[in-house]
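Working notes, beginning with the structure itself.
Quick note on labels: first sequence line is chain A, next is B, and so on, each numbered from 1.
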Amino acid sequence: MNISTKYSPADIEDKWYQAWLDAKCFASSPDEREPYTIVIPPPNVTGILHMGHMLNNTIQDVLVRRKRMEGYNACWVPGTDHASIATEAKVVNMLADQGISKFDIGRKKYLEHAFEWKEKYGGIILQQLKKLGASCDWDRTSFTMDEDYSKSVIQVFCDLYDKGHVYRGIRMVNWDPSAKTAVSDEEVIHKDTPGNLYHVRYAIKDMEGEFVTIATTRPETILGDTAVAIHPEDERYTYLHGKKVLVPLINREIPIITDDYVDREFGTGCLKVTPAHDINDYEIGIRHNLPSIDVLNEDGTISEAGEMFIGEDRFVVRKKISKALEEAGNLVEKEPYNHSVGYSERTDAAIEPRLSMQWFLNMQEVSKPALKAVMEGEIELIPGKFINTYKYWMENVRDWCLSRQLWWGHQIPAYYIKGTNEHVVAPTAEEALEKAKAKTGNASMTMDNLAQDEDVLDTWASSWLWPISTFRGLTDPDNEDIKYYYPTNDLVTAPEILFFWVARMIIAGYEYMGEKPFKNVYLHGIVRDDKRRKMSKSLGNSPDSLELIEKFGADGVRVGMLLASPAGNDLLYKDSLVEQGRNFANKIWNAFRLVKGWETSDTPSSDTDKIAIEWMKAKIKDAAFEIDDHFSKFRISDALMSVYKLKWDDFCSWFLEMVKPPYGEPISAETLESVIDLFEEALKILHPFMPFITEEIWHGLRDRENGNFIMLSDMPKGNGDKPVILSEIELITEGITAVRNFRAQKGLSPKESIELYIKSDQKALFETYRGLLSKFLNTSKIEFVDEQVDGTGSLRVRTHEFFIPLGEVDVEAEKEKILKEIEYNEGFLIKIQKKLANERFVQNAPEKVVALERKKQADTEAKLALLKDSLAQLG
RNA sequence: GGGAGCUUAGCUCAGUUGGUUCAGAGCACCUGCCUUACAAGCAGGGGGUCACUGGUUCGAGUCCAGUAGUUCCCACCA
C-alpha cells in the first residue's frame, strides 16, 4: 500500500461532501427521535464567505454533527436574507454602471433587475459553506423573500397593526442621505469626527450694534434656525428675554426663548435651535411651538427652504457658509473641535436627523415576555455576561421604525385612500379594497382609488421570523415541521446583532408561537487580525476564506478557527492557527499510514499489547466523558483541545508506540483489530471538528458497506469512571519521561541500551509494566534492588528510586543534585507542618482537606528519607 | 456622561461552590535528534509576586473595597 506522507485534503473533500449529499445524510424529517435544530443566521443573499462566517458556521456544524452522532434527529436549516439596504445599494450601483437610475425605470422594472441579480449572485455563499463541510439540510434552504416567507411577514405586520402595536407618525429619524432612507438607531454608528466649532453672532433686533453669539458645529443648519435659546436663569442674558434676533445672511427674524435644556457652561450659553435637523432642537421646538424649517433635501443637498446654496451638498455648504459668515462679519471664531457624528452602518454616510412620516412598532408590550424569558433563564445567553446588556436594552427599548424608503424588500401593506387622509392595512390589495369600502361607506370604490405605501419593511422585520417562517409556522401553523422542530435548540451568532436580531426573534417567538424560538444563544466573538483590528476590506487584513480552505484544508481551517475562540471572546486570527490545524490533520494521517502499513501474524496479543489496549480504551472513555462535559457548557475550544491531546499525545505518542512491533516484524492480528477499533473510536469523537479526514480514514481502515459513514456512527460515551490502570500508566509514563530526561542530561544516546535498577515498595506494580518500561527505555535488564548500585546515577519518581549505570559517575554532582532535592522537599514539608500545627486549620478545614495535608506530609517524609539514604550511600 | 466586563507564562486563554504538588494548556521559545508513520515530525527543557493596594478568612488566582490600565455597550452637550 502506498500512501503519501502528506495528507492532501483537496483530493478527498469534494468526494465525501458529494457522497454525504448523495446518501442524504444531512436531510432531516420529523420522526420518533428527539429533534435537535439550529437555524442558520442567514447571510446576506449577495454576500460572500468571510472569516466571520467561517467561525460562525464551523461552530454550528460541530454542534449539529455531534448531536447527529448522539442520536438526535439533527436539522440545520440554511438560507439567506434579502438584506434590503445592502442589496439595494449593490443593485443601484450595478445599474448606475450601466447608466440606469432606478427612478427612471420604475419599481417593477427595478425589481426585475434586482431579482436577476439575486438569481445570479444569491446563494454563492451557500455553495461556499459546502466547501467548509457544513451539514445543512439543503432541501430546507429558505430566503426571506420567498413567496411563503413574504406572506408571513405581511401577515405579521397586519396583525401587529390590528392589535394596535403598529402606528404611523412623523418622527425624527436617522436619515441616510446616500441610501435615501431612514435607518434604525441600531444601524447608526457614532464615531468621533474632527470638525470645527463655529462661534456665530446674531444681530439683536431693535438693539443697534448688539449681538448674541452661539456656537455650532453645523453652520449650514443656520438657514433652518427658528429660535435662539438661553437658560431661563442665566443672568447674563436676562435682558434678552422676549427679544428677537436675525438669522445671519438671510436676516430672518426668530425669537429668543428660554429653556432648561441649555447648558450655561457650554460655549457662550446661547443655543441656536433648528428643529428640523437635530433631535434635541426638535424637542425644544415642540415645547415652544416653533416652526420646523427643513433646509435639506433627501440626498443631503440644501433645499429651497434654505434660501441660499440651494442644491449644493451639505458638506460643501458648510465650508461656503463659513466663508460667507466671515465676510458678513458674523463669524466670531472658528476652533477645531472633535465631536461625535453618526454614520450609517450600511453606507457609511453621515446620518442626518430628519423629520419624516414613518411606520413604527410600539415595543412596550411585545418586548415584555422576551425580557422575562432571558431573565428567568428560559433562554440562556452564553456567555452569561450578555444578560446585563440585554436587560438594559429591553428595559429601555424604543419604538422600532419599520419603514425603509427602498424598493427591495416587503412592500408595506398599507393602502392610502386617495383624496383622503385615511388608510387601511390588509395582506392583499383585494382585502384592502374591501376594508376601504367599509371604512368610507363607498361601495363603488375600485383599486384606482387606492395607493399602496411605497416603502418596504426593515429587513429585521422579516428575519425576526426566521425560526418560525423557515418551518412555515405562520402560513401553515399546524404543519408537522413547525410542531416537531420548534422551538429550536441552539442559536449561534455574534453579539453585534443581539438586539437587531436575537432580541427581536425572541419577541416574535413569544408573540406568534407563544414560546421561545430557541433554548440557547451561543455568542461568539468577532474575527480580528493579530493586532486586534477588525477584519475589513479596506484594511486588506482579511485572508480569502476559500484560498485558506484550499491551502490548509477545510478540516485544518475549522480546527484553526476553533482553537482560540472561547465563547464571547474575539478570535485573533493568524495563519499559525490554521497551520496547527493542518499539522494536526497530517499527524492523524500518518498514524493511519502506520497502522495500514503493518503486516500481521497469527500470534495472540502479548501482555504488553493487552495492557496498552485496556489503557487506551479507558483513556478514550475518560476523554469522551470530559468532552461531553465541555459541550454541555459550550466550551467548544476546550472540547477540541481534549480530543487534540487524546489523538496526538495519548493515541499517537503513547499508545501506538506501545503496540508498535519492532522494525520489520509483524503485529499480532488480534492486537491490530483492537488498534483499529480504538482508532475508530477516537475518530468518531474527532469527526464533528474534522469531518473530511475522519470520513476518509474511516473508509481506509476497513471495507465499509454502502451508506456506512462515520458521520452517522454513534458518538462514544464515557461514564466518568477512573479505572486504576489510568493512574498506574500515569506513573509509568512519568517514570519513562524521567529516565529519558536523565539520558538526555547524561548524554546517553537512546540507541544505547541501559540497565535499570528500581528501588520501590511497589515491586508488583513495576513488575506488571516491566514490558512497557523495557520497550520505551531500551533496557537490557530491569532489576529490583534495596539500595543504590555502585557506579550508577539516581533519579526519583514520586516515592520510587531508579538507578542507571554510568561509565563514570560524578559523585559530587550527584550529591549536589540530591541536596537540592532535599532542600526543596524540606521547604515543602515545613509549609505542610506549619499548616497542620495550626489548630484553627485542623478544626475548621473539612476533614478531607486535612487528610490530604497529612498524606502530603507522609509522602514528603518518605521521599526525604529516600534522599537522605541515597546521600549517605554516596559517602 | 451612565453601565458592564476584563487584567494569570512571550502570545491566546483555562482555572467551575475559597482547600489536593494549584499556579495550568496550546502555540511560541531553548537543547538534542532526518530513530525504519509523520521535520507539517520525535525526545527533553526553561518560563508567571495570578495588574496594584488594602480587607475578610485557619486558608485567596478564586470573596469584598479602592487604584491603575484596557475593552465593550448605552446615551450624546450644541
Side-chain angles (χ1 to χ4, degrees), chain A residues 3 5-7 185 190 197-198 214-218 221 229 261-263 265-274 278-281 337 339-340 342 383 385-393 396 495 498-499 530 532 552 556 563-566 568-572 574 576-577 579-598 629 633 635 637-638 640-642 644-645 652-653 656-657 660 662-664 736-738 740-745 747 749-751 798 828 832 835 838-846 848-853 855-856 859-860:
Chain A
I3 312 174
T5 61
K6 298 277 187 285
Y7 168 62
D185 289 341
H190 290 272
L197 191 59
Y198 301 83
I214 57 88
T216 180
T217 54
R218 307 200 49 199
T221 63
Y261 172 78
V262 180
D263 178 356
E265 307 299 316
F266 190 90
T268 57
C270 297
L271 172 72
K272 74 188 213 48
V273 183
T274 321
D278 183 280
I279 181 71
N280 295 301
D281 290 11
Y337 186 74
H339 61 146
S340 166
K385 66 179 178 186
F386 287 106
I387 289 181
N388 287 328
T389 331
Y390 181 86
K391 177 168 182 263
Y392 185 84
W393 193 76
N396 298 282
L498 187 57
F499 308 133
D530 55 358
R532 284 196 184 269
F552 297 97
L563 272 171
S565 63
N569 281 25
D570 288 346
L571 166 62
L572 305 190
K574 36 184 180 173
S576 64
L577 289 171
E579 270 168 29
Q580 196 183 342
R582 176 201 58 184
N583 294 354
F584 183 39
N586 201 49
K587 181 72 189 177
I588 300 161
W589 184 251
N590 277 291
F592 169 61
R593 285 183 61 219
L594 175 66
V595 171
K596 280 312 269 190
W598 282 332
D629 183 55
K633 293 166 185 152
R635 294 178 175 180
S637 296
D638 291 345
L640 172 59
M641 192 40 68
S642 296
Y644 181 91
K645 285 193 264 193
C652 292
S653 296
L656 288 181
E657 295 299 332
K660 190 187 204 171
Y663 180 62
I736 291 169
T737 301
R740 282 169 171 170
N741 183 15
F742 180 89
R743 283 182 110 130
Q745 278 174 6
S749 159
K751 284 174 191 162
R798 299 189 194 173
F828 188 64
I832 300 169
K835 216 173 192 182
N838 184 337
E839 269 180 46
R840 288 191 291 184
F841 169 73
V842 180
Q843 277 168 15
N844 294 325
K848 206 174 86 183
V849 175
V850 179
L852 276 164
E853 288 300 318
K855 183 173 185 311
K856 265 155 69 179
D859 286 352
T860 311

Just verifying a value: how many Å separate [X] [atom1] and [Y] [atom2], rounded to the nearest 0.5 Å?
{"X": "A/Tyr392", "Y": "A/Thr389", "atom1": "OH", "atom2": "OG1", "result": "11.5 Å"}
{"X": "A/Asn590", "Y": "A/Leu656", "atom1": "CG", "atom2": "CG", "result": "11.0 Å"}
{"X": "A/Leu852", "Y": "A/Lys855", "atom1": "CG", "atom2": "NZ", "result": "8.5 Å"}

Problem - Whether A/Trp393 and A/Phe499 hold their rings parallel, tilted or perpendicular, with breakpoints at 30° and 60° - result: parallel
Complementary nucleotide for [N] - Watson-Crick or wobble, under 3.5 Å:
{"N": "B/C50", "answer": "none"}
{"N": "B/C63", "answer": "B/G55"}
{"N": "B/A39", "answer": "none"}

Rounding to an integer number of Å, can you tell me how far [X] [atom1] sits from [N] [atom2]?
{"X": "A/Phe499", "N": "B/C72", "atom1": "CZ", "atom2": "P", "value": "15 Å"}
{"X": "A/Leu563", "N": "B/C11", "atom1": "CG", "atom2": "P", "value": "19 Å"}
{"X": "A/Phe386", "N": "B/C6", "atom1": "CZ", "atom2": "P", "value": "12 Å"}
{"X": "A/Gln580", "N": "B/C11", "atom1": "CD", "atom2": "P", "value": "17 Å"}
{"X": "A/Glu853", "N": "B/C22", "atom1": "CD", "atom2": "P", "value": "12 Å"}
{"X": "A/Arg840", "N": "B/G59", "atom1": "CZ", "atom2": "P", "value": "7 Å"}
{"X": "A/Glu839", "N": "B/C58", "atom1": "CD", "atom2": "P", "value": "13 Å"}
{"X": "A/Asn280", "N": "B/A75", "atom1": "CG", "atom2": "P", "value": "13 Å"}

Counting only side-chain heavy atoms from C-beta out, which of [options] sits nearest to [X]?
{"X": "A/Thr216", "options": "B/G26, B/C38, B/A78", "value": "B/A78"}
{"X": "A/Lys385", "options": "B/G5, B/A78, B/C58", "value": "B/G5"}
{"X": "A/Lys660", "options": "B/C77, B/A37, B/C73", "value": "B/A37"}
{"X": "A/His190", "options": "B/C76, B/G19, B/U35", "value": "B/C76"}
{"X": "A/Val849", "options": "B/G19, B/C77, B/C27", "value": "B/G19"}
{"X": "A/Met641", "options": "B/G19, B/A37, B/A25", "value": "B/A25"}

With a 4.0 Å cutoff (strictly under), does any side-chain N or O of [X] reach OP1 or OP2 of [N]?
{"X": "A/Tyr644", "N": "B/C27", "result": "yes"}
{"X": "A/Asn844", "N": "B/G59", "result": "no"}
{"X": "A/Lys855", "N": "B/U20", "result": "no"}

Handout entry: Closest contact, heavy atoms only, A/Tyr337 versus A/Leu197
Key =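 Smallest interatomic distance, heavy atoms only, reads CB-N, 3.6 Å.
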Exercise for the section: Work out which heavy atom in A/Thr268 is nearest to a heavy atom in A/Ile214; give both atom names and the distance. Expected result: OG1-CA, 3.8 Å
Could you tell me whether [X] contacts a base, only the sugar-phosphate backbone, or nothing, with contacts defined as non-hydrogen atoms closer than 4.0 Å?
{"X": "A/Asn388", "value": "sugar-phosphate"}
{"X": "A/Pro846", "value": "base"}
{"X": "A/Tyr392", "value": "sugar-phosphate"}
{"X": "A/Tyr337", "value": "sugar-phosphate"}
{"X": "A/Thr217", "value": "sugar-phosphate"}

Problem - Within 6.0 angstrom of A/Gln843 CD, more than 12 heavy atoms from elsewhere - result: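 More than 12 within 6.0 Å, yes.
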For nucleotides [N] and [M], find the distance between their [atom1] atoms and express it as a whole number of Å.
{"N": "B/U20", "M": "B/C76", "atom1": "P", "answer": "50 Å"}
{"N": "B/G10", "M": "B/G18", "atom1": "P", "answer": "29 Å"}
{"N": "B/A78", "M": "B/U71", "atom1": "P", "answer": "23 Å"}
{"N": "B/U17", "M": "B/U62", "atom1": "P", "answer": "13 Å"}
{"N": "B/G46", "M": "B/G26", "atom1": "P", "answer": "14 Å"}
{"N": "B/C52", "M": "B/A9", "atom1": "P", "answer": "11 Å"}
{"N": "B/G24", "M": "B/U49", "atom1": "P", "answer": "14 Å"}
{"N": "B/U16", "M": "B/C64", "atom1": "P", "answer": "14 Å"}

[X] side chain near [Y] side chain, heavy-atom distance below 4.5 Å:
{"X": "A/Ile832", "Y": "A/Phe828", "answer": "yes"}
{"X": "A/Thr274", "Y": "A/Thr216", "answer": "no"}
{"X": "A/Lys6", "Y": "A/Trp589", "answer": "no"}
{"X": "A/Val842", "Y": "A/Glu853", "answer": "no"}
{"X": "A/Lys660", "Y": "A/Leu594", "answer": "yes"}

Problem - nucleotides 39-49 of chain B: protein proximity per nucleotide (B base, S sugar-phosphate only, - neither; heavy atom, under 4.0 Å) - result: -BSSSSS----
Handout entry: Sequence-aligned protein contact record of nucleotides 12-17 of chain B, with B where the base is within under 4.0 Å of a protein heavy atom and S where only the sugar-phosphate is
Key = SSSSB-
Problem - Check: A/Ser340 side chain, B/C76 base, donor-acceptor under 3.5 Å - result: yes
Problem - Residue whose nearest RNA chain B nucleotide is more 5′ - A/Asp281 or A/Lys751 - result: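 With A/Lys751 and A/Asp281 compared, the 5'-side residue is A/Lys751.
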